[in-house]
Enquirer: 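This is the structure I have questions about; it appears just below.
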Amino acid sequence: MRDLEYDREEVGVNSLKGLIVLGKIQISSKGIEKTLRKFDYLQAISEYIWNGFDAGASLVEMKLHQNVLGGIDRIVIADNGYGIDRRELERKFTPFFESEKQIDPDRRSRTTSAMHGKNGIGRLTFHRFASDAIWRTTYVEGLLKNTYTIEIDSKHLDAYEVSRIKLTDGEPGTTVTFNNVTKDFIHEDVIAFLCREFGWFLELHAEKGFDLRIDGQSLDYSNLIGEKECFDIVHPGSLATFNIKFVRWQDRINHEYSKLYFIDSHLEEKYKQPTTFNNKGDSFYHSVYIQSRLFDYFDFESDDQSGQLEAAFGVSRKSDAFQFLLEEINAYIKQKRKPYLQILSDHVIQEFTEAKAFPDFTDQPEDTAKKAELESVIRELCQLEPRVFARLNPEQKKLMAHLIHLAMGSTDRPRLLEAL
């Protein structure tokens with residue numbers, strides 16, 4: 001079936017009676033560039049992939065088209081989401097931001113992983129790597145499937161052109177094409193970044209078959225997984241069952257940190273929150289995915305015991321079952337972290353030795369014992385508070401070692417060690 005053009009009046013400023021309509025974004029082109037200054041080209045690319053998942057896609061595909069010299073000159077990102085309803089276009093593209101305050105991709109917090117992009121961020125970051133962007137989107141309206149295109153030029157980010165709507169028999173979804181790519185895309189760098197950006201998200205939706213494909217190949221983030229373990233936790237009182245998947249990551253995951261994800265019996269994410277071992281400076285990156293029917297009708301926003309299911313377990317964060325779950329999860333993560341901290345403390349001792357940070361000790365038995373005790377104290381402090389030893393330069397390592405050594409020889413040693 002060929003696409004059929006037809007005219008329609010739309011609610012809002014623009015009408016589709018002409019072949020092309022022009023929309024204006026409520027901030028200048030230079031203002032948009034300033035606002036998005038902190039996005040590099042890899043973060044910009046990831047925003048378009050997020051837009052696909054935000055639109056309900058289970059599959060997002062990215063193709064890197066090479067020119068005769070082997071460089072990337074065109075990028076296409078396609079998803080099978082629900083598309084961009086033409087009636088929602090102005091709301092999605094036009095508001096953008098009320099000011100030109102810079103948007104930091106590291107500082108966008110959410111209580112679930114849905115709706116990653118908002119306020120037009122992902123739709124305008126292409127100026128970091130390409131000259132223009134063309135969206136072809138298909139959506140369902142009643143019994144009809146409509147398709148149309150949107151075009152934006154990197155030199156005029158405050159304006160967009162929209163084509164006339166056509167009827168189509170194609171499936172819903174959006175394909176974005178970026179022409180005249182201006183950045184040198186190194187394939188290995190792209191894959192490594194996307195693994196850190198989407199590995200945790202693909203694990204979150206693994207049971208639903210979510211997939212991110214690069215040039216036809218599913219993103220393989222297995223090298224990023226240091227450890228994975230699945231088990232069940234059962235609350236004795238209510239017999240509520242929690243299916244747990246623990247993943248320890250070999251490297252930091254982009255902007256997400258270490259979190260607990262709560263998933264209901266329909267595989268829908270209901271809430272997420274940082275773990276108590278998040279961002280401790282020990283490079284112990286982890287994600288915990290928790291699925292239970294308890295979360296089907298759960299109040300994550302309130303801390304009161306505001307309701308009970310007839311099955312006799314609470315549905316709030318104060319319920320016995322939920323508190324039991326958190327205690328068990330924290331104990332489990334703590335045990336997982338112990339051997340990792342031991343390895344970390346070994347590395348710290350090695351780094352201190354290589355930096356010649358330790359005081360000069362002789363080979364006499366007394367000095368040998370003092371050196372062993374000093375190393376033992378540093379290991380203990382490292383395991384208690386890894387952040388103290390994170391990113392120290394050689395002079396700082398030397399200062400730290402000598403301070404601890406002096407504290408060990410002081411008559412007020414316990415207080416000094418406590419302060420350290």
Side-chain angles (χ1 to χ4, degrees), residues 106 188 192 195-196 199 222-229 231 246-260 274-288 326-420:
D106 296 341
E188 293 77 11
C195 286
R196 296 193 303 272
S222 58
N223 288 337
L224 190 61
I225 297 178
E227 182 181 5
K228 183 192 291 189
E229 187 172 1
F231 59 95
F246 167 81
V247 178
R248 179 177 62 80
W249 305 100
Q250 298 278 36
D251 197 0
R252 180 187 296 275
I253 47 182
N254 297 349
H255 320 314
E256 186 65 9
Y257 304 108
S258 300
K259 292 188 177 179
L260 306 175
T275 75
T276 55
F277 300 93
N278 179 66
N279 199 25
K280 292 292 187 180
D282 55 5
S283 300
F284 182 66
Y285 311 117
H286 55 284
S287 300
V288 184
L326 294 184
E327 291 174 4
E328 291 292 305
I329 289 295
N330 287 337
Y332 172 82
I333 298 176
K334 186 176 182 180
Q335 285 300 117
K336 284 293 183 181
R337 188 170 176 247
K338 275 186 177 180
Y340 193 77
L341 289 176
Q342 180 63 48
I343 296 173
L344 177 65
S345 65
D346 290 342
H347 286 310
V348 168
I349 295 299
Q350 182 180 352
E351 290 175 356
F352 272 51
T353 301
E354 293 173 351
K356 297 181 179 180
F358 290 114
D360 293 328
F361 292 104
T362 67
D363 293 333
Q364 297 299 317
E366 184 179 355
D367 271 10
T368 300
K370 288 182 178 179
K371 181 180 180 182
E373 187 178 10
L374 175 58
E375 290 184 356
S376 176
V377 171
I378 291 177
R379 288 179 189 276
E380 183 177 353
L381 288 174
C382 178
Q383 293 181 35
L384 287 173
E385 193 56 71
R387 281 179 292 190
V388 173
F389 299 88
R391 294 181 291 277
L392 296 177
N393 63 38
E395 287 302 317
Q396 291 169 332
K397 291 174 183 175
K398 186 174 183 179
L399 176 62
M400 179 70 73
H402 281 70
L403 282 174
I404 296 173
H405 180 56
L406 288 173
M408 290 169 56
S410 170
T411 56
D412 209 2
R413 171 179 170 176
R415 291 184 60 189
L416 284 172
L417 286 177
E418 182 181 351
L420 283 171

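FYI, the numbering just counts along the sequence from 1.
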Enquirer: Tell me whether the centres of the aromatic rings in H405 and F361 are closer together than 6.0 Å.
Expert: yes
Enquirer: Just checking N393: does its CG atom have more than 12 heavy atoms from other residues, nucleotides or ligands closer to it than 6.0 angstrom?
Expert: yes
Enquirer: Would you indicate whether the side-chain heavy atoms of I253 and S287 approach each other to under 4.5 Å?
Expert: yes
Enquirer: Please check this pair: side chain of N330 against backbone of L326, looking for a donor-acceptor N/O pair closer than 3.5 Å.
Expert: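 Judged by distance alone, yes, a pair lies under 3.5 Å.
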Enquirer: Check the pair V388, M400 against side-chain contact (heavy atoms from CB on, under 4.5 Å), reporting the backbone distance first and the verdict last.
Expert: CA-CA 9 Å; V388 173; M400 179 70 73; 3.4 Å; yes
Enquirer: I'd like to know if the side chain of T353 and the backbone of I349 have a donor-acceptor N/O pair within less than 3.5 Å.
Expert: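 Side chain of T353 to backbone of I349, a donor-acceptor pair under 3.5 Å: yes, one is there.
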Enquirer: Rounded to the nearest 0.5 Å, what separates atom OH in Y257 from atom CZ in R252?
Expert: 6.0 Å
Enquirer: So which atom in T275 and which in L260 form the shortest heavy-atom distance, rounded to 0.1 Å?
Expert: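 Closest approach of T275 to L260: CG2-CD2, 3.7 Å.
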Enquirer: Got a second to check how far C195's SG is from Q250's CD, nearest 0.5 Å?
Expert: 12.5 Å
Enquirer: Got K336 and H286 here, is their nearest side-chain heavy-atom distance under 4.5 Å?
Expert: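 With C-beta onward as the side chain, the pair stays apart.
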Enquirer: So which heavy atom on E256 is nearest to which on K259, and how close?
Expert: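 Between these two residues, the closest heavy atoms are O-CE, 3.2 Å.
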Enquirer: How long is the span from the CZ atom in R379 to the CD atom in Q342, to the nearest 0.5 Å?
Expert: 6.0 Å
Enquirer: Rounded to the nearest 0.5 Å, what separation is found between the CZ atom of R248 and the CD atom of E229?
Expert: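 Those atoms lie 11.5 Å apart.
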Enquirer: Within the structure provided, determine whether T276 and K334 are in side-chain contact (heavy-atom separation under 4.5 Å).
Expert: no
Enquirer: Looking only at non-hydrogen atoms, find the nearest pair between R391 and Q396 and report the distance.
Expert: O-OE1, 4.0 Å
Enquirer: Evaluate the side-chain proximity of I333 to S258: yes if any heavy-atom separation is below 4.5 Å, no if none is.
Expert: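 With C-beta onward as the side chain, the pair stays apart.
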Enquirer: Looking only at heavy atoms, what is the nearest atom pair of C382 and S345, with distance?
Expert: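 The pair with the smallest heavy-atom distance is SG-CA, 3.9 Å.
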Enquirer: Is there side-chain contact between E375 and F358, with at least one heavy-atom pair below 4.5 Å?
Expert: yes
Enquirer: What is the minimum heavy-atom distance between V348 and F389, and which atoms define it?
Expert: CG1-CD2, 4.0 Å
Enquirer: Would you call the rings of F246 and Y332 parallel, tilted or perpendicular, where under 30° means parallel and over 60° means perpendicular?
Expert: perpendicular
Enquirer: Would you say E354 and Q350 make side-chain contact, with heavy atoms under 4.5 Å?
Expert: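 When only atoms from C-beta onward are counted, Q350 and E354 do touch, with a gap below 4.5 Å.
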Enquirer: Count the heavy atoms of every other residue, nucleotide or ligand shown that sit under 6.0 Å from CD of E380, and state whether that count exceeds 12.
Expert: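 12 or below, so no.
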Enquirer: Could you state the interatomic distance from CD1 (I404) to CG (L399), rounded to the nearest 0.5 Å?
Expert: 9.5 Å
